[in-house]
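Working notes for the structure below.
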Amino acid sequence: MIPRVKGTQDFLDLTLFNFIVDAIKKHLTIDRFTEIKTPILESVDLFKRSLGLYTEVVSKEMFLIEQRQESKESLCLRPEATAPTVRAFIEGRVVQIPWKVFSYGPMFRYERPQKGRYRQFYQINIEVIGSDAIGQDAQCIKMLDRFFHETLKLNNYALLINFLGCFDDRKVYQKVLKDFLEGPKGQSICTQCMARKERNIMRIYDCKNPQCQQIYREAPTVVDHLCELCATEWQQLQDLLGLLSVSYAYCPTLVRGLDYYNKTVFEFVSQNLGAQNAFCAGGRYNQLVGQLGGKEDQPSIGAAIGMERLILLLELIKDQLPIVPLPALHVIMPLSSDQHALALLLADTLQAQGLCIDLLLEGSIKSMMRQANKMGAAYVLILGQSEQDTKTVMVKNMVTGEEKRVLQVEVAKNLS
Ligand code: HAM
């Protein structure tokens with residue numbers, strides 16, 4: 001057997017997957033988001049330019065496509081959907097802003113697989129392109145929180161928020177952080193953090209080493225080094241979230257793994273997920289449209305929900321979810337091959353009336369009955385020689401065991 005590729009998975013039961021997709025579509029439509037789809041194949045340059053050259057995703061995790069020799073294009077499987085959405089916004093010359101869109105589909109990152117971390121995984125990606133108002137951030141976060149809490153009935157999660165300031169604030173803060181790390185406390189950080197300090201200093205906060213984490217708890221915070229405008233916006237965001245009754249925790253070490261963020265960043269995390277605890281994450285990215293070639297910058301905000309992680313959480317409360325039950329199943333059982341044609345005709349007629357019908361064409365009556373039971377049939381429709389001769393069907397109620405013979409043309413009204 002050729003096994004599936006490492007870090008991928010087969011979904012043999014899509015009940016929860018489809019439940020989430022249907023629920024988020026309904027939820028976002030109410031908020032006036034529209035659905036888009038972008039390709040899975042994109043240029044490597046798109047991500048180099050947007051996520052940042054030194055981010056883990058770009059430097060280590062890209063699935064690059066080996067190209068034909070004559071091709072000069074460098075292609076990859078998309079690792080995320082924000083940069084492709086922005087590319088589509090620019091390329092599609094969208095003029096109506098804010099452009100509120102969502103999409104869902106597979107993403108690819110060459111990460112070390114573990115619980116909740118895959119090399120091919122699914123995201124629902126939500127973006128609001130072209131809005132500078134801090135109220136938009138609050139609304140976006142509230143909309144996600146309402147989805148998790150009210151629609152999906154999740155309880156065991158927390159919302160972590162930080163504010164990274166504008167580009168200039170980031171420059172000031174990077175200098176302050178560097179000074180701190182060059183002081184006595186910074187001498188015992190790990191070698192990887194030493195390298196990050198020189199190359200991309202904010203990435204030190206991704207370090208899982210407990211000693212480094214202890215040191216970073218005492219590091220100066222970005223929110224203490226914001227310009228006047230950003231400080232006001234940070235306060236406004238907190239006030240608005242309070243007004244909208246969103247519970248959150250301020251997390252000064254939350255900087256997110258992609259370089260395009262500024263100002264608001266957030267993650268929804270759950271203890272029930274283990275080490276990979278974020279099931280939704282996002283933030284503001286005010287420069288990305290300009291960076292990717294848009295005529296003017298479009299301040300934007302968005303988030304992505306990790307489907308596999310959300311499914312792990314929903315599996316724990318599956319019984320409480322309003323999953324629409326499948327329609328009642330009725331199974332047609334011809335007793336010999338002489339009744340097969342009649343069985344097919346009856347199935348066709350009943351399916352045309354919208355009934356859910358399956359046929360059992362093999363095995364003894366006893367084994368077919370057992371199988372129909374296992375399939376959860378509500379009624380079994382038995383067709384033997386005498387039924388064929390009299391244009392009738394023996395209808396058996398699988399719950400009560402009651403049997404009655406009815407005319408074939410009147411079967412449908414006897415199935416409830
Ligand atoms: P991200 O934090 O890289 O952000 O991913 C968002 C979510 O996708 C994570 O919180 C997690 O639930 C899920 N995820 C990420 N990597 C994996 C993986 N290897 N296996 C399973 N799930 C994973 C972004 O992708 C940004 N584009 C989000 C965004 C949209 N920011 C603004 N707009």
Side-chain angles (χ1 to χ4, degrees), residues 6-9 11 17 20 33 36 38 42 46-47 50-52 55-58 60-63 77-89 98-129 131 136-137 140-141 143-144 148 154 157-160 162 164 203 205-206 254-270 272-289 292 298-314:
K6 195 174 166 190
T8 65
Q9 64 168 331
F11 290 87
F17 191 102
I20 297 172
F33 281 84
I36 60 162
T38 62
E42 292 278 2
L46 176 67
F47 301 103
S50 55
L51 310 189
T55 54
E56 298 268 301
V57 176
V58 168
K60 298 192 195 139
E61 298 171 0
M62 297 287 267
F63 268 94
L77 301 178
R78 64 182 179 192
E80 60 100 60
T82 305
T85 306
V86 168
R87 179 199 50 66
F89 170 81
W99 197 47
K100 292 173 74 172
V101 290
F102 73 97
S103 58
Y104 72 96
M107 309 293 152
F108 304 83
R109 296 184 193 175
Y110 195 83
E111 295 195 84
R112 195 170 45 79
Q114 64 178 97
K115 183 184 168 196
R117 187 162 70 186
Y118 297 93
R119 290 184 175 169
Q120 173 173 335
F121 57 97
Y122 287 78
Q123 282 185 342
I124 296 167
N125 191 69
I126 301 154
E127 311 290 354
V128 181
I129 297 181
S131 173
Q136 193 71 252
D137 305 33
C140 181
I141 292 170
M143 180 273 290
L144 290 165
F148 298 135
L154 289 178
Y157 71 87
L159 166 61
L160 309 178
N162 194 14
L164 302 179
R203 296 269 69 79
Y205 291 122
D206 299 337
L254 178 73
V255 291
R256 311 273 300 116
L258 313 167
D259 278 0
Y260 50 61
Y261 291 110
N262 58 0
K263 300 195 179 182
T264 310
V265 284
F266 58 88
E267 282 186 359
F268 287 86
V269 296
S270 173
N272 294 350
L273 288 172
Q276 300 304 316
N277 63 355
F279 59 94
C280 173
R284 196 162 253 294
Y285 51 95
N286 285 356
Q287 269 90 39
L288 193 53
V289 174
L292 291 179
Q298 294 291 355
S300 307
I301 180 156
I305 300 172
M307 287 287 274
E308 288 78 0
R309 295 183 195 175
L310 190 54
I311 288 171
L312 283 175
L313 294 178
L314 292 190

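We count ligands from 1, going down the list as the structure has it; atoms in each ligand are counted the same way. This is a predicted model, so every value here is computed, not measured.
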For ligand 1, which atoms sit closer than 4.0 Å to a heavy atom of [X]?
| X | value |
| --- | --- |
| Ala304 | 6 (C), 7 (C), 28 (C), 29 (C), 30 (C) |
| Gly116 | 20 (N), 21 (C), 22 (N) |
| Gly282 | 31 (N) |
| Gly306 | 8 (O), 12 (O), 13 (C) |
| Glu127 | 30 (C), 32 (C), 33 (N) |

Testing the basics here: between [X] and [Y], what is the closest heavy-atom pair and its distance to 0.1 Å?
| X | Y | answer |
| --- | --- | --- |
| Asp259 | Gly52 | OD2-CA, 3.6 Å |
| Phe266 | Ala303 | CZ-CB, 3.8 Å |
| Gln276 | Gly116 | CB-O, 4.3 Å |

I want to know if ligand 1 touches [X] in the polar sense, i.e. an N/O pair below 3.5 angstrom.
| X | value |
| --- | --- |
| Ile305 | no |
| Tyr118 | yes |
| Ala81 | no |
| Asn125 | no |

Heavy atom under 4.0 Å from ligand 1: found in [X]'s side chain, backbone, both, or neither?
| X | result |
| --- | --- |
| Phe279 | backbone |
| Arg117 | both |
| Ile301 | neither |
| Gln123 | side chain |
| Arg119 | neither |

- prompt: Does at least one non-hydrogen atom of Leu258 fall below 4.0 angstrom from an atom of ligand 1?
  reply: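 Under 4.0 Å: yes for Leu258.
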task: Give a yes/no on ligand 1: does Tyr260 have at least one heavy atom closer than 4.0 angstrom to it?
output: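 Flag set, Tyr260 near ligand 1.
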field: Value rounded to 0.5 Å, distance of OG1 in Thr8 from CD in Gln120
entry: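 So the OG1 of Thr8 and the CD of Gln120 are separated by 6.5 Å.
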query: Say you draw a straight line from CG of Leu77 to CZ of Arg119; how long is it, rounded to the nearest 0.5 Å?
result: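 So the gap between those two atoms works out to 13.0 Å.
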Please write down residue, atom name and distance for the protein heavy atom closest to [atom].
| atom | answer |
| --- | --- |
| atom 19 (N) of ligand 1 | Glu111 OE2, 2.6 Å |
| atom 4 (O) of ligand 1 | Arg256 NH2, 3.0 Å |
| atom 12 (O) of ligand 1 | Ala278 O, 2.8 Å |

task: Assign the ring pair Phe89 / Trp99 to parallel, tilted or perpendicular, where the plane angle (0 to 90°) is split at 30° and 60°.
output: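 Geometry flag for Trp99 against Phe89: tilted rings.
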- prompt: Can you say whether the rings of Phe11 and Tyr122 are parallel (under 30°), tilted (30 to 60°) or perpendicular (over 60°)?
  reply: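 Because their plane-to-plane angle is over 60°, the rings of Phe11 and Tyr122 count as perpendicular.
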- request: Applying side chain to side chain contact (heavy atoms under 4.5 Å, CB included) between Glu80 and each of Thr85, Leu258, Val57, Asn125, report the one that passes.
  value: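 Per the side chain to side chain contact (heavy atoms under 4.5 Å, CB included) rule, the option paired with Glu80 is Leu258, out of Thr85, Leu258, Val57, Asn125.
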task: State, without any angle test, whether Glu127 and Tyr285 hold a side-chain donor-acceptor pair at a distance under 3.5 Å.
output: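 Distance-only check passes for Glu127 and Tyr285.
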query: Evaluating non-hydrogen atoms only, which member of Arg112, Glu80, Arg78 is closest to atom 27 (N) of ligand 1?
result: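 Among Arg112, Glu80, Arg78, the closest heavy atom to atom 27 (N) of ligand 1 belongs to Glu80.
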message: Judged on heavy-atom distance to atom 31 (N) of ligand 1, which of Phe266, Tyr122, Tyr261 sits nearest?
response: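 Closest candidate by heavy-atom distance is Tyr261.
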- request: Take Gln298 and Ser300 through the side-chain hydrogen bond (donor to acceptor under 3.5 Å, both in side chains) test and state the conclusion after the steps.
  value: CA-CA 6 Å; Gln298 294 291 355; Ser300 307; over 6 Å; no
- prompt: How about Tyr157 and Asn272: do any of their side-chain heavy atoms sit closer than 4.5 Å?
  reply: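 Counting from C-beta outward, Tyr157 and Asn272 never come under 4.5 Å.
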message: Contact between Phe279 and Leu154 at the side-chain level, heavy atoms closer than 4.5 Å - yes or no?
response: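 A side-chain contact exists here, since the closest heavy-atom pair is under 4.5 Å.
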